[in-house]
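Have a look at the structure below, then the notes.
Residue indices begin at 1 and follow the sequence shown. Only this structure's heavy atoms are used, side chains among them; waters, hydrogens and symmetry mates stay out.
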Amino acid sequence: MQPSTTAIGAHAEVLAAQLLRREGLDILERNFRCKAGELDIVAADGDTLVFVEVRSRSDADHGHAGDTIGYAKRRQVARVAAYYLALRVPPYSQCRFDVIAITGGCVEHLRDAWRP
């Protein structure tokens with residue numbers, strides 16, 4: 001029996017959090033949910049607040065996992081990030097949007113993947 005997409009997504013987020021920690025980022029929150037949507041991971045990289053979208057694909061037959069983040073998804077993540085900033089009022093001077101793309105067994109961190 002194949003794992004559910006929920007289980008696959010949860011495993012991808014564990015891998016992403018491990019990679020971010022190895023790179024020196026502090027994980028502040030995982031799966032922040034609000035009426036506007038969800039943030040997979042919120043992390044701190046020095047004085048920068050990082051909103052991380054995690055994407056995974058079992059293989060590259062249909063493209064790279066990072067290519068699955070289109071305009072609408074970027075806009076939604078930015079909207080949820082704005083809600084997060086208003087709600088939490090975190091003490092960071094900057095923020096950025098990163099992607100952890102897992103394609104097959106390859107885990108890749110795409111820093112500053114887009115700007116709203």
Do the side chains of Arg74 and Glu53 get close enough for a salt bridge, i.e. N-O under 4.0 angstrom?
no
Please work out which of the three classes, parallel, tilted or perpendicular, describes the rings of Trp114 and Phe97, given edges at 30° and 60°.
parallel
Could you tell me whether a side-chain N or O of Asp26 sits under 3.5 Å from a main-chain N or O of Ala44, the two making a donor and an acceptor?
no
Let's go through Val52 and Arg30 carefully: what are the C-alpha distance in whole Å and the side-chain angles of both, what is the deciding distance for side-chain contact (heavy atoms from CB on, under 4.5 Å) to 0.1 Å, and is it a yes or a no?
CA-CA 9 Å; Val52 183; Arg30 289 181 53 191; over 6 Å; no
Any salt bridge linking Arg111 with Asp45? Criterion: basic side-chain nitrogen under 4.0 Å from a carboxylate oxygen.
yes
How far apart are the C-alpha atoms of Val80 and Glu38, what are their side-chain angles, what is the distance that settles it, and do they pass the side-chain contact (heavy atoms from CB on, under 4.5 Å) test?
CA-CA 7 Å; Val80 179; Glu38 178 183 359; 5.9 Å; no
Output the distance between atom OH (Tyr84) and atom CD (Glu29), rounded to the nearest 0.5 Å.
4.0 Å
With a 3.5 Å distance limit and no angle check, can you tell me whether Asp98 reaches the backbone of Asp112 through a side-chain donor-acceptor pair?
yes
Under a single-linkage definition using a 4.5 Å side-chain heavy-atom cutoff for Ile, Leu, Val, Met, Phe, Trp and Tyr, are Val42 and Val14 assigned to the same hydrophobic cluster?
no
Which heavy atom of Ile41 sits nearest to which heavy atom of Ala16, and what is that distance?
CD1-CB, 3.9 Å
Between CD of Gln94 and CG of Leu49, what distance do you get to the nearest 0.5 Å?
10.5 Å
Taking atom CD of Gln76 and atom CG of Leu39, what is their separation to the nearest 0.5 Å?
9.0 Å
Note: Arg55-Glu13 ion pair, threshold 4.0 Å (strictly below):
no
How far apart are the C-alpha atoms of Arg96 and Arg115, what are their side-chain angles, what is the distance that settles it, and do they pass the side-chain contact (heavy atoms from CB on, under 4.5 Å) test?
CA-CA 7 Å; Arg96 73 171 191 250; Arg115 305 233 173 158; over 6 Å; no
Flag side-chain contact, heavy atom, 4.5 Å: Glu108 against Ile100
no
What heavy-atom pair brings Ala101 and Leu110 nearest, and what distance separates the two atoms?
CB-CD1, 4.3 Å
Single-linkage hydrophobic cluster, 4.5 Å side-chain cutoff, Phe32 and Leu85 together
yes
Is there a path of hydrophobic side-chain contacts, each under 4.5 Å between heavy atoms, that joins Phe51 and Leu87?
yes
